[in-house]
Amino acid sequence: MGEEKKIEVEEVEAVDTPPRARVTPDFERKRDYLAGFLAEEKPPLDPTAPGGELQEAVIEALKSIYDPEIPVDIYELGLIYDVAVDEDGDAIVTMTLTTPNCPVAESMPGEVEMRVLSVPGIRDAEVKLVWDPPWDPSKMSDEARLELGML
């Protein structure tokens, strides 16, 4: 372990270029499996499934709520950690605030709940306010950073 290791470096002027692959006319192309995969018809997406229409509508509603101190919506700001919508139309939004001492700490969860409830197809909404993991600027989207001049 205490032995000194010797590193040798060899300098070279140039190396030969590796041969390039050539495709000749007699080359037989194999069946393209990707073409069949792309041509396959996808099953219709459940509106309540992750990425479904209802979840996307909830996210759009959340993008209409702006932080009162920062001119960026709360979704792009990274305050929304999760949006889950079940098959009955019940939505659960997990979110945080920039700090526990945020001036809108009492009113923001209520506003989020009201906006989510305003989405057609949502039966009930629950907002879970969490502090772990804490929010930091790395959670912002590139659009939010651009808006704030951080890019």
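Fair warning: this is a prediction, and the values are worked out from it, not measured in the lab. Only heavy atoms go into these numbers, but all of them, side chains included; no hydrogens, no water, no symmetry mates.
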Quiz item: Is any side-chain heavy atom of Asp132 closer than 4.5 Å to a side-chain heavy atom of Val130?
Solution: no

Quiz item: Should Met114 and Val85 be regarded as members of a common hydrophobic cluster, given that ILVMFWY residues are connected when their side-chain heavy atoms come within less than 4.5 Å of each other, either directly or indirectly?
Solution: no

Exercise. Take Leu97 and Met108, measure what side chain to side chain contact (heavy atoms under 4.5 Å, CB included) needs, and give me the verdict at the end.
Key: CA-CA 9 Å; Leu97 298 172; Met108 182 67 75; 3.9 Å; yes

Quiz item: What is the minimum heavy-atom distance between Leu77 and Val72, and which atoms define it?
Solution: N-CG1, 3.9 Å

Exercise. Begin from the C-alpha positions of Ile65 and Val112 and carry the test side chain to side chain contact (heavy atoms under 4.5 Å, CB included) through to its verdict.
Key: CA-CA 8 Å; Ile65 304 172; Val112 168; 3.9 Å; yes

Quiz item: So if you build clusters from Ile, Leu, Val, Met, Phe, Trp, Tyr with side-chain heavy-atom gaps below 4.5 Å, do Leu129 and Tyr75 land together?
Solution: yes

Exercise. Would you check if Glu106 and Val104 make a side-chain contact, meaning some heavy-atom pair closer than 4.5 Å?
Key: no

Quiz item: So which heavy atom on Ala91 is nearest to which on Ile122, and how close?
Solution: CB-CD1, 4.0 Å

Practice problem: Can you see which heavy atom on Val119 is nearest to which on Ala57, and at what distance? | Solution: CG1-CB, 3.7 Å

Quiz item: So, Arg123 and Asp90, do they make that salt bridge, N to O below 4.0 Å?
Solution: yes

Practice problem: Measure the CG-OG1 distance between Asp67 and Thr98 for me, rounded to the nearest 0.5 Å. | Solution: 5.5 Å

Practice problem: Please test Arg145 against Ser138 for side chain to side chain contact (heavy atoms under 4.5 Å, CB included), starting from the C-alpha separation and ending with a verdict. | Solution: CA-CA 9 Å; Arg145 291 172 201 238; Ser138 70; 4.2 Å; yes

Quiz prompt | Same apolar cluster (I L V M F W Y, side chains within < 4.5 Å links), Met95/Leu117 | solution = yes

Self-check item: Distance-only side-chain donor-acceptor flag, Asn101 / Thr99, under 3.5 Å
Solution: no

Exercise. Report yes if the side chains of Tyr81 and Lys139 come closer than 4.5 Å at any heavy-atom pair, otherwise no.
Key: yes

Quiz item: Out of curiosity, does Met150 fall in the hydrophobic cluster containing Leu79 (side-chain heavy atoms, cut-off under 4.5 Å, transitive links)?
Solution: yes

Self-check item: Leu62 CG to Glu76 CD distance, which is reported to the nearest 0.5 Å
Solution: 11.0 Å

Quiz item: Would you say Lys63 and Ile74 make side-chain contact, with heavy atoms under 4.5 Å?
Solution: no

Self-check item: Shortest non-hydrogen separation from Thr96 to Trp135 and the atoms involved
Solution: CG2-CB, 3.8 Å

Practice problem: Indicate the atoms forming the closest heavy-atom contact of Glu113 with Ala125, along with that distance. | Solution: OE2-O, 3.6 Å

Practice problem: List the steps, then state whether side chain to side chain contact (heavy atoms under 4.5 Å, CB included) holds for Val12 with Glu10. | Solution: CA-CA 7 Å; Val12 295; Glu10 179 183 347; 4.1 Å; yes

Quiz item: Is there a donor-acceptor contact under 3.5 Å from the side chain of Arg115 to the main chain of Gly110?
Solution: no

Quiz prompt | Residue pair Pro100 / Ala105: nearest heavy atoms and the distance that separates them | solution = O-CB, 4.0 Å

Quiz item: Sub-3.5 Å donor-acceptor pair from the side chain of Gln55 to the main-chain atoms of Val83, do we have one?
Solution: yes

Quiz item: With a 4.5 Å heavy-atom cut-off, do Lys128 and Pro109 have their side chains touching?
Solution: no

